[in-house]
Number of protein chains: 2
Amino acid sequence: MPERRPRKDAVRNRKAVLEAADALFARCESPEDVTMADIAAAAGVGKGTLFRAFGDRTGLLRALYEARLEPIREAVETGPPPLGPATPPQDRVAALLDAVLCFKLDNRRLALALEESASGSPYQAEHYERWHSMLQAVLEQIPGLTDSDFTAHALLAATRADLVEHLAGEGLVSRKRMRAQLANFTTRVLASGPPQG
Amino acid sequence: MPERRPRKDAVRNRKAVLEAADALFARCESPEDVTMADIAAAAGVGKGTLFRAFGDRTGLLRALYEARLEPIREAVETGPPPLGPATPPQDRVAALLDAVLCFKLDNRRLALALEESASGSPYQAEHYERWHSMLQAVLEQIPGLTDSDFTAHALLAATRADLVEHLAGEGLVSRKRMRAQLANFTTRVLASGPPQG
DNA sequence: CGTCGAAACGGACCCACGGTCCGGATTGTA
DNA sequence: TACAATCCGGACCGTGGGTCCGTTTCGACG
């Protein structure tokens with residue numbers, strides 16, 4: 001089974017859809033008023049094409065999200081400090097969370113759309129699983145810190161898209177301030193010395 | 001304008017709807033497969049009645065949620081320690097979060113339904129605002145703790161219904177363990193002494 | 001108890017949206 | 001040029017939240 005590659009009109013259309021969706025989500029007020037039909041129309045494509053390429057709404061959102069996330073993922077896995085592997089655990093945890101936060105600030109609508117569309121919950125998505133296990137692994141290297149699994153979840157929960165939107169959404173909290181607050185919070189969680197230290 | 005009270009068939013039906021909805025959400029697998037029509041049917045009532053009484057789906061969910069929450073709210077505002085006002089701040093924060101967690105464990109489906117239906121986000125709901133400001137006020141009494149606003153959000157985020165469902169949902173994490181983990185996490189956040197001390 | 005206006009009922013109806021289907025157009029190969 | 005294989009696109013469908021309005025019930029008053 002030679003795994004024949006797709007026809008070129010297929011790849012062209014796929015790209016068109018991604019770009020159109022990206023633009024629409026960037027412009028819209030709230031993610032749920034970008035319909036699949038809108039996206040198809042904006043991409044100059046039929047709905048059938050759109051669903052064939054991505055399966056369903058969640059699939060499209062995920063594809064978009066993953067694409068945007070790719071550079072960060074690479075920076076985390078093989079890049080230089082502070083995101084890369086050569087960073088001391090505590091600093092790296094802070095850097096990871098800061099990166100997630102910045103990503104959500106820069107892609108508010110998209111992140112929001114994905115987290116609320118996600119069939120079931122955001123916790124089904126594999127990219128969440130990636131972030132979580134990454135974070136957990138780093139937390140595990142910090143002496144005196146227990147429950148790394150739950151802690152990773154709890155820290156990531158502080159960067160949930162709707163919370164970010166709620167705080168930063170109407171300019172009530174500046175990007176800078178929010179990053180500082182998250183950093184401070186993270187520090188607190190990690191700072192407590194070992195139980196009897 | 002004497003604010004005439006509602007007719008008794010109205011209050012009877014309202015009650016019937018609340019009870020029916022409660023039962024349906026308790027039984028169902030996932031909240032989104034309880035439709036408004038289902039609820040109306042189970043309550044022996046027309047859809048019109050249901051929407052007239054509660055406005056929309058979110059309104060119904062909120063009413064249910066508030067009703068369930070009432071006893072806890074009272075315990076927090078005027079009850080004895082550890083939930084009541086006479087508790088030292090740190091212990092009270094832990095107690096508050098534990099109460100929220102237990103509530104979500106006991107009302108998983110309902111909390112889930114509300115958080116995902118919520119027009120906009122869970123952060124619009126007034127009961128969230130109540131919890132948040134309560135928690136923030138208590139945090140403010142803890143010396144050396146800054147950013148009480150964000151901290152309150154972040155701590156509450158660790159009790160989000162979908163996270164609770166994700167962890168406790170399939171019996172992977174026991175109730176007891178989850179409470180312990182949250183307590184531990186809370187302790188860490190609060191434990192860091194004042195900056196120089 | 002009979003009357004009557006206001007309030008509530010209920011289910012047929014509407015419509016937006018995600019998702020499917022299939023006849024026809026495109027692609028690439030021989 | 002011929003012919004599969006693949007893909008296209010928009011008409012179509014089912015579902016579910018929300019509305020509308022003719023009918024019924026309530027309860028105040030005589």
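Within every chain, numbering begins at 1; the chains are lettered A, B, ... in the order of the sequence lines, protein sequences first and strands thereafter.
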Among D:dC7, D:dG9, C:dC13, which nucleotide has an atom closest to any side-chain atom of B:K47?
C:dC13
Toward the 5' end of DNA chain C, by each residue's nearest nucleotide, A:A37 or A:T49:
A:A37
For A:R52 and D:dG10, give me the distance from atom CZ to atom C1', rounded to whole Å.
12 Å
Parallel, tilted or perpendicular: which describes the rings of B:Y128 and A:H166, with under 30° parallel and over 60° perpendicular?
perpendicular
Which nucleotide, C:dT20, D:dC8, C:dT27, lies nearest any side-chain atom of A:R12?
C:dT27
What is the distance, to the nearest angstrom, from the CE atom on A:M36 to the P atom on C:dC17?
11 Å
Rounded distance in Å - CZ (A:R14) to C1' (D:dT6):
16 Å
Atom-to-atom span, CZ of A:F54 to P of D:dC8 - whole angstrom
11 Å
Using a distance-only criterion (donor-acceptor N/O pair, under 3.5 Å, no hydrogens), is the base of C:dA7 paired with the side chain of B:R7?
yes
Hey, does A:R57 reach any base, or is it just sugar-phosphate, or nothing, if we go heavy atoms under 4.0 Å?
sugar-phosphate
Can you tell me if A:K104 uses its side chain to pair, donor with acceptor, with the backbone of A:A111 under 3.5 Å?
no
Closest to the side chain of B:F51, out of C:dG19, C:dA8, D:dG17, is D:dG17
Is there a donor on the side chain of B:K8 or the base of D:dG27 sitting less than 3.5 Å from an acceptor on the other?
no
Expressed in angstrom and rounded to an integer, what is the separation of B:R5 atom CZ from D:dC26 atom P?
15 Å
Quick one: A:D38 CG to C:dA16 C1', roughly how many Å, whole number?
11 Å
Calculate the interatomic distance between B:I39 atom CD1 and C:dG10 atom P; express it in whole Å.
15 Å
Main-chain N/O of B:G59 paired to B:D56 side chain as donor or acceptor, under 3.5 Å
yes
Comparing B:D9 with B:D56, nearest DNA chain D nucleotide closer to 5' gives the residue B:D56
Pick base, sugar-phosphate or nothing for A:T35, based on heavy-atom distances below 4.0 Å to the nucleic acid.
sugar-phosphate
Please report, rounded to the nearest Å, how far the C1' atom of D:dT25 is from the CG atom of B:N13.
11 Å
Report whether B:V164 and B:L112 are members of the same hydrophobic cluster (ILVMFWY, side-chain heavy atoms less than 4.5 Å apart, transitive linking).
no
Between A:H153 and A:H132, how do the two ring planes meet: parallel, tilted or perpendicular, split at 30° and 60°?
parallel
Which nucleotide in the list D:dC7, C:dG10, C:dG19 gets nearest to the side chain of A:A10?
D:dC7
